[in-house]
Amino acid sequence: MEQVERIDTVKQYNQTLGVDTLHPLVSVVDFDEMPTYHYFRRYMGIYAIFLKYIKCGDMKYGCQSYDYEDGTLVFISPGQIYGIDSKGKAIKPSGKALVFHPDLIAGTELGRKIKNYTFFSYEVNEALHLSKKERAIINDCFGKIAYEINQNIDKHSRILIVSNIELLLNYCMRFYDRQFITRSHVNKDILMRFENLLNDYFQSDKCQTLGVPTVTWCAEQLHLSTNYFGDLIKKETGNTALDYIQSRVIDAAKLMIFDSNKSISDIAFQLGFKYQQHFTRLFKQKTGKTPVEYRGIK
């Protein structure tokens, strides 16, 4: 069984790299000053943002692996496991890391909205790829945070550090929006595969065996994280992935409703609903009519 090292504090993370801890809740590490390594696997109890300049081995994150390219950002949130496997070769890392404990942002505006930065739950193969200009901006944010960490801690330190982390994350949101646009051809392919996945779902017996398709199930079938998949569908269609699925459920229901041999209960069951009233509620929410009223239009 693979050994997993647990990192619950900034000091523990710094100790694994042999660097000093200047602030108990936050650290910026320059990988250019780090020794070589071959393999590690870590459970993270802290937030981490890794900026990698060059390929440095296969990074494992959940079930996915990813070969770093020039200027790549990867985000880790507490409770996630990640690691590096260089396949036996000594690797000299290049880049930076920002790590911070949840206590640093507790009670702040950033702490209240940290869940809005959904890329913390993306898989590593959904990493953010930076242009040279974007990388310069990210490096500037890292530099400002490192500057504050290196000052004597005073009443302004936390506010300035947290503000700069929030600025960094907001830039990352902008850059991810750009990445969704520049990779639209890839996204269109995913959207088509999503559409085909739903077609197969409704034409097979999956509804009866698995129930109404969920966003998480669809994301897994497309080998994407739930958050990345949801953000991609929202960017491409203007609707949430759940809305998209529910609209397809209603489209399938409309085709069945005018079959007088099927009762409303039969249709609900065939579409994967445990209870007819749940189907009726969704149908009325989407069409403004109950299934019985809609059937009466004929």
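Count residues from 1 along the sequence. Basis for what follows: all heavy atoms, side chains included, without hydrogens, waters or symmetry-related copies.
The number of heavy-atom neighbours closer than 6.0 Å to CG of D20, taken from other residues, nucleotides and ligands shown, is 12 or below. Annotation for R174: atom CZ does not count as buried by contact number, only 12 or fewer foreign heavy atoms lying within 6.0 Å. Remark: Y43 OH is packed, more than 12 non-hydrogen atoms of other residues, nucleotides or ligands lying under 6.0 Å away.
Side-chain contact between V212 and Q246: absent, with no pair of heavy atoms (C-beta onward) separated by less than 4.5 Å. No side-chain heavy atom of I159 sits less than 4.5 Å from a side-chain heavy atom of H156. Looking at V10 and L104, their side chains never come closer than 4.5 Å, going by heavy atoms from C-beta outward. With a 4.5 Å cut-off on side-chain heavy atoms, L197 and C218 count as touching. Proximity of L130 to L51: side-chain heavy atoms (C-beta onward) are separated by under 4.5 Å at one or more points. When side chains are defined from C-beta on, M44 does not count as touching I81, because their heavy atoms never get closer than 4.5 Å. The shortest distance between side-chain heavy atoms of Q270 and K262 falls below 4.5 Å. Counting only heavy atoms from C-beta outward, the side chains of Y47 and V99 never approach each other to under 4.5 Å.
Of the possible polar contacts, none joining the D140 side chain to the A136 backbone as a donor-acceptor pair under 3.5 Å is found. Under the 3.5 Å distance criterion, the side-chain polar atoms of D205 are left unmatched by any main-chain donor or acceptor of Q208. A distance-only check finds no donor-acceptor pair linking the side chain of E5 to the backbone of R41 [under 3.5 Å]. The closest donor-acceptor contact from the side chain of E148 to the backbone of I145 lies at 3.5 Å or more, if one exists at all.
Annotation for Y201 and G211: closest pair OH-O, 2.6 Å, computed over non-hydrogen atoms. For I138 against C172, the heavy-atom pair with the smallest separation is CD1-SG, 4.0 Å. Here the closest heavy-atom approach between residue I46 and residue H101 is recorded as CG2-CD2, 3.8 Å. Shown here for D8 and Q12, the closest heavy-atom pair between the two residues is N-OE1, 2.6 Å. R295 and D259 make their closest contact through NH2-O, 3.2 Å (heavy atoms, listed as atom of the first residue, atom of the second, distance). Across all non-hydrogen atoms, the minimal contact from K11 to T21 is CA-OG1, 3.5 Å.
Note that the CG atom of L232 and the CG atom of N227 stand 12.5 Å from one another [nearest 0.5 Å]. To the nearest 0.5 angstrom, R158 atom CZ is 9.0 Å from I105 atom CD1. With rounding to the nearest 0.5 angstrom, the CZ atom of F273 is 10.0 Å from the CZ atom of R281. Atom-to-atom distance recorded for N14:CG and L22:CG is 8.0 Å, nearest 0.5 angstrom. Expressed to the nearest 0.5 Å, how far OH of Y176 lies from OG1 of T118 amounts to 8.5 Å. To the nearest 0.5 Å, atoms CD (E109) and OG (S163) are separated by 10.5 Å.
Connection of I114 to Y171 is established within a shared hydrophobic cluster, with ILVMFWY side chains joined at heavy-atom distances below 4.5 Å, either directly or through further cluster members. Taken together through direct or relayed side-chain contacts under 4.5 Å among Ile, Leu, Val, Met, Phe, Trp and Tyr, I161 and Y147 form parts of separate hydrophobic clusters. Hydrophobic clustering of Ile, Leu, Val, Met, Phe, Trp and Tyr side chains at less than 4.5 Å, counting indirect connections, keeps L282 apart from Y275. Hydrophobic clustering (side-chain heavy atoms under 4.5 Å, transitive across Ile, Leu, Val, Met, Phe, Trp, Tyr) groups F258 together with I264. Hydrophobic cluster membership differs between L160 and L169, with clusters built from Ile, Leu, Val, Met, Phe, Trp and Tyr side chains linked at under 4.5 angstrom.
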Handout entry: Derivation and outcome, side-chain hydrogen bond (donor to acceptor under 3.5 Å, both in side chains), residues Q80 and S77
Key = CA-CA 6 Å; Q80 295 173 346; S77 61; 3.0 Å; yes

Exercise for the section: Please lay out, stage by stage, how D243 and K286 fare under the test salt bridge (charged side-chain N to carboxylate O under 4.0 Å, His left out). Expected result: CA-CA 10 Å; D243 282 338; K286 293 294 184 180; 3.4 Å; yes

Practice task
Determine, step by step, whether I165 and I49 satisfy the side-chain contact (heavy atoms from CB on, under 4.5 Å) criterion, reporting the C-alpha distance in whole Å, the side-chain angles of both residues, the deciding distance to 0.1 Å, and the verdict.
Solution key: CA-CA 10 Å; I165 292 175; I49 302 172; 5.5 Å; no

Handout entry: Steps toward side-chain contact (heavy atoms from CB on, under 4.5 Å) verdict (K96, N139)
Key = CA-CA 9 Å; K96 292 183 174 69; N139 266 315; 3.1 Å; yes

Exercise for the section: List the steps and the verdict of side-chain hydrogen bond (donor to acceptor under 3.5 Å, both in side chains) for N239 and K234. Expected result: CA-CA 5 Å; N239 295 316; K234 180 70 172 177; over 6 Å; no

Practice task
List the steps, then state whether salt bridge (charged side-chain N to carboxylate O under 4.0 Å, His left out) holds for E236 with K188.
Solution key: CA-CA 8 Å; E236 287 296 316; K188 291 288 193 300; 3.0 Å; yes

Exercise for the section: Give the intermediate values and the outcome of side-chain contact (heavy atoms from CB on, under 4.5 Å) for residues F120 and I76. Expected result: CA-CA 6 Å; F120 273 109; I76 308 289; 5.9 Å; no

Exercise for the section: Take M173 and N116 through the side-chain contact (heavy atoms from CB on, under 4.5 Å) test and state the conclusion after the steps. Expected result: CA-CA 10 Å; M173 287 190 77; N116 295 341; 5.7 Å; no

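Below 30°, between 30° and 60°, or above 60°: for F119 and Y117 the angle between ring planes is between 30° and 60°, a tilted geometry.
Residues meeting the side chain to side chain contact (heavy atoms under 4.5 Å, CB included) test with T287, sequence neighbours left out: I250, K254, F283, K289. Applying the side-chain hydrogen bond (donor to acceptor under 3.5 Å, both in side chains) rule to Y244 yields the partners E195; only residues at least two apart in sequence or on another chain are considered. For N196, there are no side-chain hydrogen bond (donor to acceptor under 3.5 Å, both in side chains) partners, not counting sequence neighbours.
Taking the six-membered ring for Trp, Y228 and F180 have ring centres closer than 6.0 Å. Aromatic rings from F194 and F229 are positioned such that their centres are separated by under 6.0 Å. Residues F75 and Y122 place their aromatic rings such that the two centres sit no closer than 6.0 Å.
Between the side chains of E126 and S225, a donor-acceptor pair is found at a separation under 3.5 Å.
Salt bridge absent: D231 and K235 never bring a charged side-chain N and a carboxylate O closer than 4.0 Å. A salt bridge links E134 with R178: the distance from a Lys NZ or Arg NE/NH1/NH2 to an Asp or Glu carboxylate oxygen falls below 4.0 Å. Comment: E166 engages K113 in a salt bridge, judged by a side-chain N to carboxylate O separation of less than 4.0 angstrom.
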